[in-house]
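First the structure, in the form of structure tokens, and then the observations on it.
Everything numeric here is computed off the predicted structure, so don't read it as measured data. Just so we're on the same page: letters track the sequence lines, and every chain starts at 1.
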Amino acid sequence: MFSIKTSFGEIEFLKPNNFKYADATSNIAFKLSKEIRKNPIVIANEIVNEIKNNDAFEKVENINGFINVFFSKKFFIDFVMRIIEEDFISKIEKKQRFLIEFVSANPTGPLNIVNARAGAIGDSLVRIGRFLGNEVLSEYYVNDEGSQIENLGYSILWRLGIKFVLKNGIISILNNVEMEKIEILEIDGKILDMSESVYKGSYLIEISQLIKEEVMDKISQYSGKEGDLDKIRKIAYEIGKICAKYILSWQLETLRIYRVEYDNVVKESFIRNSKYPKIVLEKLKDHLYLEDMEKNKYKLEEKELEKLLNREYYVKNYGGKALVLKTTIYGDDKDRVLIRSNGEPTYFFWDIAYHYYKIERIGNGYIINLLGPDHYGYVPRLKSALKMLNFENIQVLIIQQTNLIQEGKKLDMSKRKGQIYEMNELIEEVGIDASRFFFLLRSPSAHLDFDINLAKKLSSENPVFYVQYAHARIESIKEHAKTVGISIDFNRKYLENYNFENERHLLVLSTYFEDNLKKAFYGLEPHLLVYYLLEVVEAFHKYYQKHRVIDIEDKNSTISRIIILEAIRKIINKGLELLGVDAPTKM
RNA sequence: GCCCCCGUAGCUCAAUUGGAUAGAGCAUCGGAUUUCUAAUCCGAGGGUUGUGGGUUCGAGUCCCGCCGGGGGCGCCA
């Protein structure tokens with residue numbers, strides 16, 4: 001983006017649709033014409049007269065109200081040298097803080113394609129945001145509590161062929177139970193079928209073997225002891241916790257290989273035991289009420305709000321009623337339960353506490369959450385709750401649905417059924433560069449059909465190689481220059497005597513790098529950077545085909561061209577780095 | 001039923017957030033290397049932007065209605 005001060009204010013020039021008309025263009029005259037009630041063509045003329053002598057321009061014209069400019073040689077030389085000599089982003093005016101949370105998969109199974117997509121998008125946003133000079137924190141949230149953990153525990157028991165039997169208040173444990181039927185509990189002769197809640201993915205075979213000793217150890221403490229259903233659930237929960245810890249470490253390792261590293265990993269268990277739940281209850285107290293199963297509402301009269309978090313206290317004093325937050329006052333379609341009538345707080349409640357922890361760390365910065373489409377309905381209640389906490393700088397990027405296609409048919413990706421295509425498989429079969437690039441090739445808001453057969457082909461047909469090849473080619477030119485005895489001296493004096501005609505288009509495109517990064521980051525659309533890079537390297541490949549760079553007869557021009565291409569190379573290199581993709585020097 | 005996202009070339013997707021003649025890749029067909037890497041380049045065909053209206057200098061983009069696809073609407077997470 002190029003902007004210039006005039007008596008009409010700061011005018012921003014944009015990339016034209018077609019470079020035949022201009023290197024950069026402004027439609028400011030149309031916008032001003034409404035405000036100051038003047039013919040746009042007249043306004044454009046006044047602006048043209050004002051800026052036409054600026055030494056950044058070779059030509060400035062008014063075409064039907066569009067102000068079109070062509071850059072001068074001096075402008076290009078300054079631009080190239082700035083990239084070569086300095087960091088090429090102009091200093092950002094105000095550094096802002098961002099906290100970006102992404103992937104945050106449940107610790108109940110390996111990461112899948114959807115997570116890989118979120119990982120690529122989130123991580124690139126983090127990288128671009130930092131490069132623009134902002135302070136960006138990346139975060140992974142782990143739901144290591146809740147009913148899914150209990151289910152995970154049962155799943156492990158099932159895989160290990162273990163069954164609990166509860167008879168006359170005594171817990172006994174059966175080993176080596178046949179696994180065909182899923183029945184983990186037997187209460188006084190009655191069998192509890194848990195087919196719906198057990199995770200059936202084959203990854204649990206491996207984990208169950210890994211943690212077998214720990215599990216057996218845990219169970220033996222309870223065998224033959226007195227107990228009840230709650231006690232058995234507690235055992236399952238503890239086993240689930242052990243399993244979740246393993247799965248989390250697998251997930252983070254997969255992400256690390258994928259070049260995604262987090263500043264923080266925040267666990268729900270940490271939030272539950274922190275000061276934040278209490279603080280949040282206190283701050284939300286004016287918007288709370290009680291509701292029974294018949295939807296009758298009652299006023300909450302409680303002085304010591306933190307007592308509500310004690311389950312027994314809650315049941316004793318408010319049993320049969322849920323604690324509800326009036327999220328409708330800020331646009332939610334219904335009020336939401338924070339504490340169930342059984343005294344158990346909801347996921348939503350813990351999530352508000354977690355967000356308070358986020359707010360505490362970023363102050364007046366911005367929170368960005370990347371979520372899957374199934375969380376869409378969740379957004380209004382979260383925003384509403386945060387507004388009650390006086391925080392509104394939250395943006396939620398919904399990454400649209402990703403379908404898995406195999407042999408033309410949609411696959412069900414549910415973890416419970418165990419039919420998933422793992423992120424690990426993707427990395428192995430397609431490669432990191434190609435898969436990251438692939439996911440960044442479409443807008444986050446676009447649905448994506450991920451065809452497994454196509455993915456395997458991707459490793460050779462991915463446009464990422466088109467970009468990488470351009471980078472390698474420029475390196476190769478520099479290498480060749482050395483072998484023919486041309487030493488590259490990055491000095492602007494060579495450029496002063498060079499005619500930029502053939503490189504013009506390439507340079508004009510390059511000037512939009514920074515503009516593009518800003519759009520990609522602040523608009524949460526990292527795919528724009530991908531399309532930009534493709535445009536730049538296409539221009540390069542065309543240039544390369546048509547013009548020879550090294551000419552031993554004309555060293556000045558040769559060195560000038562190499563300086564220009566080095567600037568282009570730095571842009572490609574930086575662009576790829578921001579996408580988390582390698583920039584090879586040879587291919 | 002209510003709310004949200006999507007609908008652009010045969011397929012997968014872009015389109016500077018309201019700008020000039022809607023663009024790429026793949027696929028199809030035809031060409032280009034004694035040269036710094038052919039993972040490249042040049043050319044051809046392919047469109048009433050789902051549809052009907054509206055807003056204005058100007059609409060793929062904004063508003064309203066329809067059609068089609070997907071998702072969300074729990075004291076689940």
Rounded to whole Å, how long is the line connecting atom [atom1] of [X] with atom [atom2] of [N]?
{"X": "A:Glu475", "N": "B:A39", "atom1": "CD", "atom2": "P", "value": "18 Å"}
{"X": "A:Tyr544", "N": "B:C41", "atom1": "OH", "atom2": "C1'", "value": "11 Å"}
{"X": "A:Ile398", "N": "B:C3", "atom1": "CD1", "atom2": "P", "value": "18 Å"}
{"X": "A:Leu14", "N": "B:G18", "atom1": "CG", "atom2": "P", "value": "12 Å"}
{"X": "A:Lys38", "N": "B:C57", "atom1": "NZ", "atom2": "P", "value": "18 Å"}
{"X": "A:Tyr512", "N": "B:A15", "atom1": "OH", "atom2": "C1'", "value": "15 Å"}
{"X": "A:Glu12", "N": "B:G19", "atom1": "CD", "atom2": "C1'", "value": "15 Å"}
{"X": "A:Phe465", "N": "B:C41", "atom1": "CZ", "atom2": "C1'", "value": "20 Å"}

(request) Kindly state whether the ring of A:Tyr354 and the ring of A:Tyr141 have centres lying under 6.0 angstrom apart. (result) yes
(message) Ring centroids only, cut at 6.0 angstrom: are A:Tyr543 and A:His505 within range, meaning strictly under it?
(response) no
Taking only the [atom1] atom of each, what is the distance from [N] to [M] in whole angstrom?
{"N": "B:G50", "M": "B:C6", "atom1": "P", "result": "12 Å"}
{"N": "B:C29", "M": "B:C67", "atom1": "P", "result": "42 Å"}
{"N": "B:C57", "M": "B:U48", "atom1": "C1'", "result": "23 Å"}
{"N": "B:A44", "M": "B:G52", "atom1": "C1'", "result": "36 Å"}
{"N": "B:U16", "M": "B:G23", "atom1": "C1'", "result": "13 Å"}
{"N": "B:U51", "M": "B:G47", "atom1": "P", "result": "14 Å"}
{"N": "B:C63", "M": "B:C3", "atom1": "P", "result": "14 Å"}
{"N": "B:G69", "M": "B:G19", "atom1": "P", "result": "32 Å"}

Closest to the [X] side chain, choosing from [options]:
{"X": "A:His527", "options": "B:U16, B:C36, B:A14", "answer": "B:A14"}
{"X": "A:His480", "options": "B:C36, B:G19, B:U40", "answer": "B:C36"}
{"X": "A:Leu528", "options": "B:A15, B:C36, B:C41", "answer": "B:A15"}

What's touching nucleotides 21-29 of chain B from the protein side, N or O pairs under 3.5 Å?
residue: B:U21; atom: O4; partner: A:Lys20; partner atom: NZ; Å: 3.1

Which part of the nucleic acid does [X] contact within heavy-atom distance under 4.0 Å: base, sugar-phosphate only, or nothing?
{"X": "A:Asp332", "answer": "nothing"}
{"X": "A:Lys519", "answer": "sugar-phosphate"}
{"X": "A:Arg548", "answer": "base"}
{"X": "A:Leu441", "answer": "sugar-phosphate"}
{"X": "A:Tyr376", "answer": "sugar-phosphate"}
{"X": "A:His471", "answer": "nothing"}
{"X": "A:Ala470", "answer": "nothing"}

Does [atom1] belonging to [X] count more than 12 external heavy atoms closer than 6.0 Å?
{"X": "A:Arg442", "atom1": "CZ", "value": "yes"}
{"X": "A:Glu10", "atom1": "CD", "value": "yes"}
{"X": "A:Lys358", "atom1": "NZ", "value": "yes"}
{"X": "A:Asn310", "atom1": "CG", "value": "yes"}

For [X] against [Y], the heavy-atom pair lying closest together:
{"X": "A:Pro277", "Y": "A:Trp350", "answer": "CG-CZ3, 3.7 Å"}
{"X": "A:Ser155", "Y": "A:Tyr199", "answer": "OG-N, 2.9 Å"}
{"X": "A:Thr327", "Y": "A:Arg381", "answer": "CG2-O, 4.0 Å"}

Set out, line by line, the N/O atom pairs under 3.5 Å between protein and nucleotides 73-77 of chain B.
residue: B:C75; atom: OP2; partner: A:Lys334; partner atom: NZ; Å: 3.3
residue: B:C75; atom: O2; partner: A:Ser341; partner atom: N; Å: 2.8
residue: B:C75; atom: O2; partner: A:Ser341; partner atom: OG; Å: 2.9
residue: B:C75; atom: N3; partner: A:Ser341; partner atom: OG; Å: 3.2
residue: B:C75; atom: N4; partner: A:Glu291; partner atom: O; Å: 3.2
residue: B:C76; atom: OP2; partner: A:Arg340; partner atom: NH1; Å: 2.7
residue: B:C76; atom: O3'; partner: A:Arg340; partner atom: NH1; Å: 3.2
residue: B:A77; atom: OP1; partner: A:Arg340; partner atom: NH1; Å: 3.1
residue: B:A77; atom: OP1; partner: A:Arg340; partner atom: NH2; Å: 2.8
residue: B:A77; atom: OP2; partner: A:Arg340; partner atom: NH1; Å: 3.3
residue: B:A77; atom: OP2; partner: A:Tyr347; partner atom: N; Å: 3.2

(message) Taking the side chain as everything from C-beta on, heavy atoms only, tell me whether A:Asn556 gets closer than 4.5 Å to A:Asp554.
(response) yes
(message) Here's a test of your reading of the structure: between A:Asn27 and A:Lys478, which maps to the more 5' nucleotide of RNA chain B?
(response) A:Asn27
(request) Name the residue closer to the 5' end of RNA chain B, choosing between A:His541 and A:Ser26 according to the nucleotide with the nearest heavy atom. (result) A:Ser26
(message) The criterion is ring-ring contact (aromatic ring centres under 6.0 Å, His included); which residues satisfy it with A:Tyr276, sequence neighbours excluded?
(response) A:Tyr357
(request) Mind checking ring-ring contact (aromatic ring centres under 6.0 Å, His included) for A:Phe70 and listing every partner two or more places apart, or none if nothing turns up? (result) none
(message) Donor-acceptor check, side chain of A:Glu503 to backbone of A:Ser560, threshold 3.5 angstrom: yes or no?
(response) no
(request) Report yes if a side-chain nitrogen or oxygen of A:Thr25 is closer than 4.0 Å to either non-bridging phosphate oxygen (OP1 or OP2) of B:G19; otherwise report no. (result) no
(message) Under 3.5 Å for both pairing distances: what stems, at least three Watson-Crick or G-U pairs long, include RNA chain B?
(response) B:1-7 with B:67-73, B:10-13 with B:23-26, B:28-32 with B:40-44, B:50-54 with B:62-66
(request) Sorted by first residue and then second, give each salt bridge (charged side-chain N to carboxylate O under 4.0 Å, His left out) pair with at least one member in residues 530-547 of chain A; sequence neighbours left out. (result) A:Lys15-A:Glu535, A:Glu538-A:Lys542
